[in-house]
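Numbered from 1 within each chain, the chains take letters A, B, ... in sequence-line order.
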Amino acid sequence: MSLDAAEARRAWALTLPAVVWTVAFFVVPFMAMAALSLWQRTAAGLVPAWTLENYRAILGEPAAVRAILNSIEITLTVTALSVVLAFPLAWIIAEEVPPRWRRLALALAVLPFWTSYVVRSYAWSLMLARQGVLNGWLEGIGLPALDLANSRAATVIGFTHFFTMLLTLTIYASLTQLPPNLRRAAADLGAGPVATFHHVILPLTAPGIAVGAFLTFALCVGDYVTPQILGGGRDLAAAQLVMLNLGRRADIPMAAALSVCLMLLVTLAYLLLARFMRAPR
Amino acid sequence: MRRFALCAGYMGALYAFILLPVGVLVLFSFQDGRLPIPPFRGPTLRWHEAVLTDRRLMAALWNSAVVAAGSSAVATLLGFLAARGLATGRLAGAAAIRAALLAPLSVSYLVIGLGLLASLNLAGLGLSLWTVAIGHSVINLPLCFAICAAAMGPAVVQAERAARDLGAGEGRVMALVTAPMILPALAAAFLLSMTFSWDEFIIAFLLSRFEVTLPVEIWSLLRGGLNPKTNAVGSLVFLASALVVLAAELALLRRKG
């Protein structure tokens, strides 16, 4: 056997376990779920009906459409808010903070990452509860209390908290990769700070922002924990509806069909991102 | 001067937004009362004590540690092997294999968990910590593979070939040449997987039955509403993670300096 053939065989032997693992525990389950979304739940149990009935039911049921729209609205709000909040912070840390304090400033800005994910949402429910910390302060300074517990606003605040941290990291990373000369060159050519920002910095950091925004969208639109803890049970997000179908209604085909819809949304966002990254600037 | 005030003001406001919830969480874990809401009365350590003596929480903590270590070890090993195989450049269809290995990254945890749940149901298999660990290995394998693949440069492949030329068997090449050369990547892959698995909720929630991991146990605590005990668990988990991060940071600094 030639050396090349021996190396190729070894390469296969090394790669195969990971491929088998991924196929067995990711690809096959994924197909199983897609297949299940074509089944039907009946009184006699689950039957392989192979119909698009579940998808038709989703489109025909205002509650389901509402939940998906809720998720999209929440996600878009959170993405926009997080980018707007995170960009100046990343900018200040990258440009205005003295170099020796930068690491500390960044570490402090993402410190709550190290709390548990479930606990972070719980911490916000403490802040926003009827008699919670926030209302305590508002009353202290003579303002009326806010009724934020179990509302969409609470969900948005909880999400924005997390994704502001995430985007501060990604935007900081793309800001520090900007060559400093570019800004000096822009200034030399007579651009003011606003023009420099608009024509030099923003276009060059746009890909980094876009990737961060996509991550936010992908992670936010399918999340169950934050809307469940902070949003309450009335104004459901899509993932809450999935879990509801899985649990109380025991309708796995419907849960699967809803999940496929969520996946399609993320795929759509990905295609938009890919298109944006390819667009000439 | 105005610029400085503006920057400082913005930083202060955002840091308050980012850090306050955690600060409030920790503060009210010392609440000497039944509800973790103002006014603050205390301090007391009784909620921390209640957590540390809670059998279910401690069992869940142990389960989480076992699941995190086991799933991360599997993911790191499989990712490492695959990265080595692909680094040789001898595989037909390498691009497709790479894409397939990275695919789980683009799918939400809810979908991965639901898919596994559905297929376990169809196969008639029961749920346990094993199924949780399998779910976590699926989400961590792409990360471990990507981290190891990034570290497997041509120099490593050449060194492997040289070792083989000198008569080393496959096991020795891996243990004495490749692994030491990309040890930082292996450590990073393993530790990152640990933190992801440790904190993961939805897959653990869907794929566990009687024995659960810590996030799932905390989730069931939440059903009881606001409770200083939940604050105490959260604070302790936060403290532990922060210490690990600090230790990793210090280790890195010492290495550099």
Side-chain angles (χ1 to χ4, degrees), chain A residues 4 7-8 10-15 17-19 21-22 25-30 32-33 36 85 88-89 92 96 108-109 111-112 114-120 122-127 129 131-133 136 161 164-165 218-219 222 224-225 229 239 242 246 252 255-256 259 262-263 266 270, chain B residues 7 10-11 14-15 17-22 24-25 28 36-38 78-79 81-82 84-86 88 90-91 97 100-101 103-104 106-112 114-116 118-119 121-122 134 137-138 141 145 170 199 201-202 214-215 218-219 222 226 230-231 233-234 237-238 241-242 245:
Chain A
D4 274 7
E7 238 186 21
R10 190 162 42 229
W12 265 115
L14 289 169
T15 313
V19 172
W21 195 271
T22 304
F25 298 124
F26 173 71
V27 179
V28 169
F30 188 75
M33 196 195 74
L36 262 181
L85 286 175
L89 184 64
I92 292 170
E96 308 286 337
L108 217 53
L111 193 67
W114 308 112
T115 53
S116 148
Y117 174 52
V118 173
V119 170
R120 254 193 319 266
Y122 170 76
W124 272 109
S125 73
L126 284 182
M127 293 285 290
Q131 288 161 325
V133 176
H161 178 241
T164 300
M165 294 192 279
L219 291 173
Y224 170 66
V225 171
I229 295 180
V242 173
L246 205 57
I252 298 185
S259 305
L262 278 178
M263 281 233 19
V266 176
Y270 178 77
Chain B
C7 289
Y10 190 80
M11 265 182 109
L14 265 238
Y15 277 170
F17 173 60
I18 289 172
L19 297 174
L20 259 177
V22 182
V24 166
L25 175 85
F28 282 99
I37 52 173
L78 292 178
L81 292 179
R84 287 190 60 211
L86 283 165
T88 57
R90 301 273 178 193
L91 282 185
I97 294 174
L101 289 179
S106 60
V107 178
S108 83
Y109 288 0
L110 178 64
V111 173
I112 292 178
L114 209 58
L116 274 168
S119 33
N121 267 348
L122 289 176
I134 287 175
S137 72
V138 170
L141 178 55
F145 167 68
E170 193 49 34
D199 199 23
F201 169 74
I202 194 77
L214 191 58
I218 293 177
W219 180 263
L222 291 188
L226 304 181
T230 313
N231 290 46
V233 190
V237 171
F238 173 56
S241 328
V245 174

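In this structure, Phe17(B) and Trp124(A) have tilted ring planes: the angle between them lies in the 30° to 60° band.
For Ile97(B), the part lying under 4.5 angstrom from a heavy atom of chain A is the side chain only. With a threshold of 4.5 angstrom between heavy atoms, Ile112(B) approaches chain A through side-chain atoms but not through N, CA, C or O. Proximity to chain B is limited to the side chain of Val242(A), based on heavy atoms less than 4.5 angstrom apart. Contacts between Asn121(B) and chain A at a heavy-atom distance below 4.5 Å involve the side chain alone, from C-beta outward.
Panel note: side chain Tyr109(B), backbone Leu219(A); no donor-acceptor pair is recorded below 3.5 Å.
With respect to chain B, the highest number of heavy-atom pairs below 4.5 Å among Ala32(A), Pro29(A), Ser116(A) belongs to Pro29(A). Ranked by heavy-atom pairs shorter than 4.5 Å toward chain A, the options Val138(B), Leu122(B), Leu141(B), Val233(B) are led by Val138(B). Among Leu126(A), Val118(A), Val119(A), the residue making the largest number of heavy-atom pairs under 4.5 Å with chain B is Leu126(A).
Looking only at side-chain heavy atoms (C-beta outward), Leu20(B) and Met127(A) come within less than 4.5 Å of each other. Counting only heavy atoms from C-beta outward, the side chains of Ser137(B) and Trp21(A) approach each other to under 4.5 Å. Within the 4.5 Å cutoff, side-chain heavy atoms of Leu226(B) are placed close to those of Ser125(A).
Nearest heavy atoms, Val22(B) versus Pro112(A): CG2-CB, 3.5 Å. Here the closest heavy-atom approach between residue Gln131(A) and residue Pro38(B) is recorded as O-CD, 3.5 Å.
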